[in-house]
There are 2 protein chains.
Amino acid sequence: MIGLPTDTIFYKIEKAIKSYRKFAQKQIQNAVPGITLDQALVLMIIKNKPDLTQMDIGQLFFKDYASITRMIDSMIKKDYITKTTDQNDRRRSNICVTDMGNEVLKMVLPIIERNRALILEGLSDREIEDAGATLTKMVTNCEEKVVELAS
Amino acid sequence: MIGLPTDTIFYKIEKAIKSYRKFAQKQIQNAVPGITLDQALVLMIIKNKPDLTQMDIGQLFFKDYASITRMIDSMIKKDYITKTTDQNDRRRSNICVTDMGNEVLKMVLPIIERNRALILEGLSDREIEDAGATLTKMVTNCEEKVVELAS
DNA sequence: ATTTATTATTTGATATATCAAATATATAAA
DNA sequence: TTTATATATTTGATATATCAAATAATAAAT
């Protein structure tokens with residue numbers, strides 16, 4: 001019999017990301033009620049890379065395009081961002097952080113920074129880097145193996 | 001300005017688990033159409049630890065109890081498992097893998113085994129263990145910091 | 001210049017997740 | 001023994017995710 005799911009590295013990965021998300025979500029909602037962690041992170045990205053399309057954002061966050069559409073909608077409803085159709089390519093939308101969105105960012109950024117520090121407390125740069133490299137290898141394997149198995 | 005979400009270890013963790021899930025989900029559905037990765041993993045756990053309550057299963061998989069109730073329901077509808085109220089403690093349910101569930105397991109286990117091997121190809125036991133230890137430290141931090149911030 | 005193909009986004013149907021409140025049973029306390 | 005408290009599960013409301021198909025605009029091919 002093969003090992004139980006709970007004994008694998010995949011389980012540990014899942015546990016780590018869910019713990020972090022639950023933690024971060026809680027702290028962020030504390031600062032800005034009703035906001036989700038993903039909305040805060042997307043807001044950061046839009047602010048820093050205003051030229052990204054919805055597709056780009058979807059890929060960055062590993063989300064379905066439909067999902068992004070609805071997330072963007074909900075962020076517009078909350079007045080965090082605006083959306084206008086790009087005049088050079090009318091299929092695209094230009095997404096822009098509003099004043100309200102900037103206010104939210106101002107409140108949320110220090111929380112995010114603190115969250116990161118708290119969760120990584122006691123971990124050396126080296127071990128974080130190593131863990132990242134290992135995870136990246138797994139991602140690479142996924143990409144390669146999908147292709148191999150398909151052919 | 002603090003680092004972009006995409007530059008953090010958290011992002012790499014998320015990317016790794018999502019890649020793995022997408023990969024595994026695809027392979028498993030190939031063998032048993034309509035099944036989800038989580039259903040397959042829960043089936044494995046129930047088979048190996050028949051005494052777990054729904055709450056136990058929920059905690060193991062980091063899922064809301066409501067979520068587990070509905071997942072169990074859906075697995076019953078698919079004839080993978082049965083549920084009977086425990087006669088010693090009538091609040092609890094005893095969950096049992098059906099013949100159909102065992103058939104599914106038989107088809108799915110080799111796939112899961114292969115998935116793991118493929119995704120971990122080229123990674124040493126040592127580095128997997130180290131990465132796991134790092135992730136576990138993060139989980140511990142989450143647990144500790146939640147308590148500290150609450151008090 | 002039309003047709004065809006590609007790209008970006010949206011919509012609908014359905015599944016899954018999450019929160020709060022409700023139910024049902026068991027245990028502890030008065 | 002009744003009342004209160006805790007535990008296990010369920011339900012309803014709502015949010016989010018996912019797949020397939022639809023729409024709309026651009027780019028490529030004939």
Side-chain angles (χ1 to χ4, degrees), chain A residues 14-15 17-19 21-26 28-30 32-42 46 51-78 80-95, chain B residues 14-15 17-19 21-26 28-30 32-42 46 51-78 80-95:
Chain A
E14 188 127 18
K15 184 166 187 175
I17 198 61
K18 294 227 168 136
S19 301
R21 284 191 146 271
K22 212 166 275 184
F23 179 84
Q25 178 74 52
K26 192 171 175 178
I28 283 178
Q29 290 240 18
N30 231 12
V32 181
I35 199 173
T36 67
L37 175 60
D38 278 336
Q39 287 175 358
L41 299 180
V42 165
I46 294 173
D51 295 337
L52 293 186
T53 65
Q54 289 185 206
M55 288 183 77
D56 294 331
I57 297 171
Q59 285 171 324
L60 268 184
F61 285 89
F62 324 111
K63 281 183 203 295
D64 195 272
Y65 303 137
S67 225
I68 287 294
T69 294
R70 281 157 185 148
M71 188 176 180
I72 297 285
D73 282 353
S74 122
M75 292 173 73
I76 291 172
K77 222 177 281 169
K78 289 179 179 176
Y80 297 164
I81 53 175
T82 56
K83 182 163 84 168
T84 50
T85 56
D86 186 310
Q87 285 313 316
N88 294 346
D89 181 343
R90 302 172 40 71
R91 287 169 303 186
R92 300 188 178 197
S93 314
N94 291 130
I95 299 172
Chain B
E14 187 127 20
K15 184 167 187 175
I17 198 61
K18 292 227 169 138
S19 301
R21 286 193 145 269
K22 211 166 275 182
F23 180 83
Q25 178 73 52
K26 191 172 176 175
I28 283 177
Q29 289 240 18
N30 231 12
V32 180
I35 199 173
T36 68
L37 175 59
D38 278 335
Q39 287 175 359
L41 299 180
V42 165
I46 294 173
D51 295 336
L52 293 187
T53 65
Q54 289 184 205
M55 287 184 78
D56 295 330
I57 297 171
Q59 284 171 325
L60 269 184
F61 285 91
F62 324 110
K63 281 184 206 293
D64 195 271
Y65 302 137
S67 226
I68 287 295
T69 295
R70 282 156 183 146
M71 188 176 182
I72 297 286
D73 282 352
S74 124
M75 291 173 74
I76 292 171
K77 221 177 283 170
K78 289 179 180 178
Y80 296 164
I81 55 176
T82 57
K83 182 163 84 169
T84 51
T85 56
D86 185 310
Q87 286 311 317
N88 293 348
D89 182 342
R90 301 171 42 71
R91 288 169 301 183
R92 301 188 178 197
S93 313
N94 291 130
I95 299 172

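The chains referred to below are lettered A, B, ... by the order of the sequence lines, with proteins before strands, and numbering in each begins at 1.
- The side chain of S67(B) contributes no N or O atom lying less than 4.0 Å from OP1 or OP2 of dT18(C).
- The interatomic distance linking I72(A) (CD1) with dT11(C) (P) rounds to 14 Å, in whole Å.
- Taking atom CG on L37(B) and atom P on dA15(C), their separation rounds to 18 Å, with Å as the unit.
- The stretch residues 65-78 of chain B participates, sequence neighbours left out, in no salt bridge (Lys or Arg N to Asp or Glu O under 4.0 Å) pair at all.
- Between K63(B) and D38(B), some side-chain heavy-atom pair lies under the 4.5 Å cut-off.
- Contact annotation for K83(A): backbone-only contact, meaning every heavy-atom pair under 4.0 Å involves sugar-phosphate atoms and none involves a base.
- Annotation: the span from L52(B) atom CG to L60(B) atom CG amounts to 6.0 Å, rounded to 0.5 Å.
- Listed in residue order, the members of residues 52-62 of chain A having a heavy atom less than 4.0 Å from DNA chain C are T53(A), Q54(A), M55(A).
- Under the 4.5 Å side-chain criterion, counting only non-hydrogen atoms from C-beta, M71(A) is not in contact with I57(A).
- In this structure, K26(A) and I28(A) have side chains that are not in contact, with every pair of non-hydrogen atoms separated by 4.5 Å or more.
- Between the CG atom in N30(B) and the CD1 atom in I35(B) there is a gap of 12.5 Å [rounded to 0.5 Å].
- Rounded to a whole Å, the CD atom of Q29(B) is 12 Å from the P atom of dA15(C).
- At whole-Å resolution of the value, NZ in K26(B) and P in dT18(D) are 15 Å apart.
- In this structure, R92(B) places its CZ atom 9 Å from C1' of dT7(D), rounding to the nearest Å.
- Each of dA8(D), dA17(C), dT18(C) was ranked by its minimum atom distance to the side chain of D64(B); first place goes to dT18(C).
- At dT18(C), none of the side-chain N or O atoms of K63(B) fall inside 4.0 Å of OP1 or OP2 (strictly under the cut-off).
- Nucleotide dA8(C) holds its C1' atom 11 Å from the CD1 atom of I95(A), rounded to whole Å.
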Short heteroatom pairs, N/O only, protein and nucleotides 24-26 of chain D, under 3.5 Å:
from, atom 1, to, atom 2, distance (Å)
dT26(D), OP1, R90(A), N, 3.2

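- When the side-chain hydrogen bond (donor to acceptor under 3.5 Å, both in side chains) test is applied to K15(B), no partner is found at least two apart in sequence or on another chain.
- Atom P of nucleotide dA15(C) and atom CD of Q39(B) are separated by 11 Å, given to the nearest angstrom.
- Checking dT16(D), dT16(C), dT9(D) against the side-chain heavy atoms of S93(B) singles out dT9(D) as nearest.
- The separation between I68(B) atom CD1 and dA8(D) atom P is 14 Å, rounded to whole Å.
- Inter-residue side-chain proximity for T85(A) and Q87(A) is flagged as met; some heavy-atom pair is nearer than 4.5 Å.
- Counting heavy atoms from C-beta outward, I46(A) and Y80(A) have side chains that stay 4.5 Å or more apart.
- With sequence neighbours left out, K83(A) forms a side-chain hydrogen bond (donor to acceptor under 3.5 Å, both in side chains) with Q54(A).
- Formation of a donor-acceptor pair under 3.5 Å by the Q29(B) side chain with backbone atoms of T36(B) is not found in this model.
- At a threshold of 4.0 angstrom between heavy atoms, the contacts of K18(A) with the nucleic acid are absent.
- Under the 4.5 Å side-chain criterion, counting only non-hydrogen atoms from C-beta, Q59(A) is in contact with D56(A).
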Would you tabulate the nitrogen or oxygen pairs shorter than 3.5 Å linking the protein to nucleotides 12-14 of chain D?
from, atom 1, to, atom 2, distance (Å)
dG12(D), N7, R70(B), NH2, 2.6
dG12(D), O6, R70(B), NH1, 3.1
dG12(D), O6, R70(B), NH2, 3.4

